[in-house]
Structures are given as structure tokens and as C-alpha cells.
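Structure first, commentary second.
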Amino acid sequence: MLEEVERWLIARSWSLADRPLHQIMAAKRAGGQSVSVVLPALNEEETVGDIVAVVRHDLVEQVPLVDEIVVVDSGSTDRTSEVAAAAGARVVHRDAILPRLPAVPGKGEVLWRSLLVTSGDIVCFVDADLREFSSDFVSGIVGPLLTDPDVDLVKAMYDRPLGGSPGEGGRVTELMARPLLNMHWPQLAGFVQPLGGEYAARRSLLEQLPFPVGYGVELGMLVDALHLVGLDALAQVDVGVRKHRHQDGQALGRMAAAIYRTAQLRLARGHLVRPSLTQFERAEDGFEPRTYSVDTEERPPMAEIPEYAARKVA
């Protein structure tokens, strides 16, 4: 590990106890900054309501840390929107945001569009499939942004249990993202959960970043933020344990391919490799190939979108 990263781990890796909630609230009142919480959601009726309810109770009603909770529905066919709204979120459909630009499937697409329908100076992203959710996930990663003006982006770090094993969750992280970061962006080797979906950042940073439309968004955002603001502007906070729905092996393969492609584009734009992935499923006559396209499209920095610029002027 680079000496720079060893120093960063000491200076920019924190726990929840390092910033009690009263300290965070005092910093928010003094700085006058607003906080938006965004949940990208696709068929998450079983969990999204509980997450919204916890954030609303703990961080809106009990303590006014969060100014808005927005669920961006990316085309759910279940009751995700109704459940989220009943729990107290403002629900916006992905296709209703920037309608002149047809939406494409993908998590990054939803996060990118969310910048147009939120107003917070700090935007906190939370995955909508978390179970046994604690509002510490939000206050923990928002805290450094309110108390330290030199920090621009904060990732949550946590244990990810799988089948009773505490550290076996992040399979794509360990098999794809961590090797890529250690080999090509060793300054980012200190991030415990580089692909985690819980992170917060200043709007002033997010609006300058391109957003890979798919699962590569978290890796792409870390790499681009490193180049834009430097390692010392990035941080992580230990929020405990993250429990969520786990994907099957083939879904993880598609996720890994998108992440690899995101890395590849940043390493050498223009060096094209066939952006598809073939996997195999057993059928009556043996194994049959299934070929999937790999997300290669990226949205430009939001600051370049005329509608976003017009909204800021208004």
C-alpha cells in the first residue's frame, strides 16, 4: 500500500463515534447547508418503505438533519412508488425527469437524473434494498461533509454478511473492483467498500462528474472524483453492518463486466473491446449461451445540461 494511502486511512477513515449527532447538527445550523437523501428504486416494495420511514422519523422529525427524501422509481412493476410515498418520501419517476432525453436502464442513470429533482447542497445516496436499516447510514456519511469543508465525498464502509459469514458479501468488490483499483488507481486502495451504494457528496462535485448509466457508476465516480478533487477530499465512515438482497452469480457477472468496462474507459478511451458478456445456463439439451450487452454509455456532467443550468439561475 502506498504511504499516501496509509496516511489517508488514519486521517480520512472514521467511525460513527467520531461525530455525535449533536455535533453534526451544530455544524449544519452554522453552515446553513441542506441535505437531500435519494433512494434509487426498482421493485423494492418490501424494503423501501422501512428505509424511508426510519430516515423520516430519526432525521426529519426527531432531528432536522435531512431536508428532503426522494425516491426515484426506475420503472417498478410492484408497489414501490406507493409504499415509498406512504412512508413519507417524494416519489419521482425516472422517465418524468429530463423527458427530452430518453432514459436507459441502469442505476447510474437514476442517480444522474436525481440531481435535477433534488435541491440539497449535500446529496446522500442510499440503496433501496437494505434490511434492518439504521439512520446511522445517513448521518454517518453526511457528518464529515457538514463538519469538514475539505471533504467532498464520503463512502460508507461496513461488514457485508452472506450466509452467516460476516465478510463474504462483496463478491464483485473482492473479485473485480479491488484488484482493478489496486493495480490501476492505488490511491483508492484504502476504500473498504468502493462499490457500496451508500455515499454522500457535495452537489458542487456531483454536477461536475460523468455518470456511467449502469453498475459502473460507483467505481467511475470514485476514480473521477480522485482526479478532480484529490484523495484528501475523499473519506469513509464505518457504519456497522449492511444487510440486503444478494444477487445470483450470473447477475454478479454482468455487474462485474459493467464495472470492468467503466474502468477500461478511464484507462484508455478509444481502445475498444467487444462490450458484451456471454454466460451459460443449463437447458434440456445442455448448456445454452446467453449474451448480454455491457453498459458503455455515460451521461455527461450535469453542469453541462441546459435544464440544470436554467434551474440554478431560476
Side-chain angles (χ1 to χ4, degrees), residues 21 24-42 44-45 47-74 76 80-98 107-130 133-147 152-154 156 197-207 209 211 217 221 239 302-303 305 307-314:
L21 193 53
I24 297 171
M25 284 304 306
K28 183 185 180 186
R29 287 190 291 267
Q33 298 183 84
S34 56
V35 176
S36 300
V37 172
V38 173
L39 282 75
L42 177 63
E44 302 293 357
E45 66 176 5
T47 51
V48 67
D50 289 341
I51 299 171
V52 170
V54 168
V55 175
R56 183 169 183 81
H57 176 270
D58 292 359
L59 302 179
V60 176
E61 297 169 352
Q62 296 294 312
V63 175
L65 177 64
V66 172
D67 298 280
E68 63 176 348
I69 307 170
V70 178
V71 170
V72 182
D73 191 329
S74 59
S76 297
T80 290
S81 291
E82 294 86 344
V83 170
R90 175 162 60 91
V91 179
V92 185
H93 196 281
R94 174 200 62 195
D95 296 342
I97 307 170
L98 201 62
K107 178 183 180 183
E109 176 82 354
V110 174
L111 300 184
W112 182 73
R113 289 176 185 259
S114 75
L115 297 181
L116 270 164
V117 294
T118 54
S119 58
D121 303 302
I122 294 168
V123 183
C124 175
F125 298 119
V126 177
D127 281 350
D129 66 340
L130 303 189
F133 178 77
S134 167
S135 60
D136 288 342
F137 273 68
V138 174
S139 58
I141 56 179
V142 167
L145 294 163
L146 291 170
T147 59
D152 287 327
L153 184 149
V154 182
E198 291 68 49
Y199 48 98
R202 300 191 191 280
R203 178 176 294 272
S204 57
L205 171 62
L206 293 172
E207 65 187 15
L209 299 177
F211 277 60
V217 63
M221 190 177 294
V239 297
M302 187 58 78
I305 301 299
E307 288 89 339
Y308 186 79
R311 190 196 74 157
K312 293 183 73 174
V313 171

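This is a predicted model, so every value here is computed, not measured.
Applying the salt bridge (Lys or Arg N to Asp or Glu O under 4.0 Å) criterion to K107, with sequence neighbours excluded, gives D127, E218.
Contact detail for I97 and R113: the closest heavy-atom pair is O-NH1, 2.5 Å. For A84 against V52, the heavy-atom pair with the smallest separation is O-CG1, 4.1 Å. Contact detail for P144 and V154: the closest heavy-atom pair is CB-CG2, 3.9 Å. Nearest heavy atom pair, residue L145 against residue A201, reads CD1-N, 3.7 Å. Heavy atoms only, all atoms of each residue included: V60 and I69 are closest at CG2-CD1, 4.1 Å. Residues V54 and S134 approach most closely at CG1-C, 4.3 Å, considering heavy atoms.
Within the model, atoms CZ of R94 and OG of S76 stand 9.5 Å from one another, a figure rounded to the nearest 0.5 Å. A distance of 5.5 Å separates CG of L21 from OG of S139, quoted to the nearest 0.5 Å. Here the straight-line distance linking atom CG of L111 with atom CG of L209 works out to 12.0 Å at 0.5 Å rounding. Atom CG of residue L146 and atom CE of residue M25 lie 8.5 Å apart, to the nearest 0.5 angstrom. Atom CD1 of I51 is separated from atom CZ of F137 by 9.5 Å, given to the nearest 0.5 angstrom. Separation of atoms CH2 (W112) and CG (L98) is listed at 5.0 Å; rounding is to 0.5 Å.
Side chains of E109 and F211 form no contact here, defined as non-hydrogen atoms less than 4.5 Å apart. The side-chain heavy atoms of L206 and F125, taken from C-beta on, include a pair separated by under 4.5 Å. Residues V239 and E198 form no side-chain contact, since every pair of their non-hydrogen atoms from C-beta on lies 4.5 Å or further apart. Side-chain contact between T47 and F133 is absent, with no heavy atoms from C-beta onward closer than 4.5 Å. Here the side chains of I141 and C124 are in contact, with some heavy-atom distance below 4.5 Å.
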Would you list the atom pairs, donor with acceptor, under 3.5 Å between side chains in residues 28-41 and any protein atom, with sequence neighbours excluded?
{"unit_1": "K28", "atom_1": "NZ", "unit_2": "P64", "atom_2": "O", "d": "3.1"}
{"unit_1": "K28", "atom_1": "NZ", "unit_2": "L65", "atom_2": "O", "d": "2.8"}
{"unit_1": "K28", "atom_1": "NZ", "unit_2": "D67", "atom_2": "OD1", "d": "3.3"}
{"unit_1": "K28", "atom_1": "NZ", "unit_2": "D67", "atom_2": "OD2", "d": "2.8"}
{"unit_1": "Q33", "atom_1": "OE1", "unit_2": "R202", "atom_2": "NH1", "d": "3.2"}
{"unit_1": "S34", "atom_1": "OG", "unit_2": "D121", "atom_2": "N", "d": "3.1"}
{"unit_1": "S34", "atom_1": "OG", "unit_2": "D121", "atom_2": "OD2", "d": "3.2"}
{"unit_1": "S36", "atom_1": "OG", "unit_2": "E68", "atom_2": "OE2", "d": "2.5"}
{"unit_1": "S36", "atom_1": "OG", "unit_2": "G120", "atom_2": "N", "d": "2.8"}

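With hydrogens and angles disregarded, a donor-acceptor distance shorter than 3.5 Å links the side chain of T80 to the backbone of E44.
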